[in-house]
Amino acid sequence: MASLYAPPSLRQQHDGKSAETRNLKPGEISSGTTIMAVCFNGGVVLGADSRVSSGTYVVNRVSDKIVQLHERIWCCRSGSAADTQALTDIVKHHLGQISIETGRLPTVAMAAHLMRKLIYGNKDNLMAGVIVGGWDPVEGGSVYNVTLGGSCVRQPFTIGGSGSSYIYGLVDAECRSGMNADECNAFVKKAVSHAMARDGSSGGIIRTVVVTEDGNVRSYTEGNKLPYGP
Amino acid sequence: MASSGSGYDLSSSTFSPDGRIFQVEYAAKAVENGGTTLGIRCSDGILLCSEKPLVAGRMAVPASGRRVHALSSYAGAAVTGFLPDGRQVVARGREEAAGYLDSFGAPIPPTVLAERLGSYVHYFTLHGALRPFGASTLMAGYDTAEKRHSLHMVDPSGMSYEYYAAAAGRGRQSAKTELEKLPLQPGGAGVTLERGLVILAKILHMLFEEGRDKPFVIEMGWMGVRTGWKFSAVPDGLVKAAEVEAKKELEDEEGEDDEGEEMEE
């Protein structure tokens with residue numbers, strides 16, 4: 001028979017809170033989140049939900065978790081809102097400076113690299129996971145997942161945030177190679193809707209950005225018009 | 001041209017009444033005393049070449065006292081003038097390239113590296129406590145993003161230009177005359193690395209005067225299609241072979257001149 005007494009360390013680990021909220025300082029705001037980015041030939045589609053929570057209180061139900069780092073480079077934020085905002089400010093600054101010095105568009109790889117160096121170097125004090133995606137003249141469209149620990153992996157598509165756990169199976173099954181922009185858009189909206197339906201920390205509307213050589217197209221899907229959900 | 005500094009040449013933080021910084025000009029003189037150093041932007045790569053007079057005597061190992069250095073995988077430099085100063089610029093170039101790779105995850109574009117070296121060298125021309133670098137640096141670089149190779153030169157004032165071909169040091173005037181004859185400009189046929197080896201060896205041997213100049217060794221470095229654009233020293237065997245070919249061509253040309261004289265009689 002399992003002992004009903006749990007030593008103090010184990011007791012602190014499982015007190016009903018999610019991995020996201022456990023590591024937050026008291027009162028700190030999380031973007032418990034679902035974020036996603038998919039590459040297609042000629043660009044990327046980035047998508048995110050819009051719920052920002054502090055415990056059970058939804059601080060902002062229409063937040064914008066997709067940040068522009070440079071002309072054609074964007075970033076989806078998950079984890080501590082304060083940490084990710086500080087990180088994106090710094091990376092935005094460096095990308096702006098280096099593009100002026102080199103006289104050319106920075107690459108998505110460069111943005112992801114900068115993000116990774118910051119997260120890895122400060123991992124003890126940060127809780128931030130980001131997806132960096134965009135278009136550059138060297139690689140075309142590309143997507144990088146920079147995780148909590150500071151690892152940086154380039155992938156054809158990637159998901160992140162607390163809600164992503166619920167849709168790994170879905171995205172693996174639904175993803176096809178050679179999708180065009182519209183198909184990727186639909187794929188992102190479907191996947192994020194499913195995550196929002198199951199993850200308490202994800203909800204609100206779905207915001208998307210489609211990035212190509214020619215420009216960025218921002219859009220959103222209202223909460224009552226999601227492809228899937230209650 | 002004799003230029004009297006008289007009072008305005010004691011510090012590099014002083015302009016002369018006619019708007020010159022004499023210390024920087026004197027630094028350029030130090031470069032003019034150095035061994036001839038050449039660079040060519042070939043169609044399939046870049047070649048850097050330095051004449052190394054054997055001044056350290058017979059007891060010195062000829063291969064030491066290098067003038068051609070790698071700065072990073074895709075960049076290299078050749079220095080002339082006051083060589084210890086040149087070493088400092090090379091060291092800074094290495095730091096800049098490594099720092100850029102560490103910060104941004106990509107090899108530093110050659111144009112950016114050249115400008116950074118220029119800024120570094122320039123800094124030493126406006127500090128009262130420091131003296132300018134008495135060295136010019138020829139820099140070869142490959143831009144992995146834009147797939148383009150380029151040759152640059154940074155002079156003691158901190159100015160840097162991109163070149164089709166460049167020369168610095170003792171024999172630069174005559175060398176420039178020879179280099180200008182090559183079809184290196186856009187629209188021209190270009191010169192291959194292989195041909196470039198012989199051309200540069202030829203120029204150095206052409207400039208050499210028995211009795212006036214010390215015997216010398218040629219140091220060459222290159223990057224190109226054949227090295228995967230990585231900068232490295234040209235293998236000794238190829239340098240020697242180029243010198244042999246160069247000397248042969250010089251002799252043939254002298255022979256032609258002689259024939260011409262005979263026919264006129």
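Every chain is numbered from 1, with letters handed out A, B, ... down the list of sequences.
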Around atom [atom1] of [X], are there more than 12 heavy atoms from other residues, nucleotides or ligands closer than 6.0 Å?
| X | atom1 | answer |
| --- | --- | --- |
| A:Tyr168 | OH | yes |
| A:Arg198 | CZ | no |
| B:Tyr163 | OH | yes |
| A:Tyr120 | OH | no |
| B:Asn33 | CG | yes |
| B:Glu194 | CD | no |

Answer yes or no: is there a side-chain heavy-atom contact under 4.5 Å between [X] and [Y]?
| X | Y | result |
| --- | --- | --- |
| A:Glu101 | B:Arg116 | yes |
| A:Lys117 | B:Asp102 | yes |
| A:Thr102 | B:Tyr100 | yes |

Fill in: Region of A:Arg104 that comes under 4.5 Å of a non-hydrogen atom in chain B
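Interface part for A:Arg104: side chain.
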
Item to complete: Please flag which part of A:Ile98 lies under 4.5 Å from any non-hydrogen atom of chain B: side chain, backbone, both or neither.
Response: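 Contact with chain B is through the side chain of A:Ile98 alone.
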
Discussion item. Nearest 0.5 Å, please: how far is OG in B:Ser103 from NE2 in A:His113?
Written reply: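 Interatomic distance, A:His113 NE2 to B:Ser103 OG, rounded to 0.5 Å: 7.0 Å.
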
Fill in: Structural part of B:Leu101 lying under 4.5 Å from a heavy atom of chain A
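Just its backbone gets close to chain A.
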
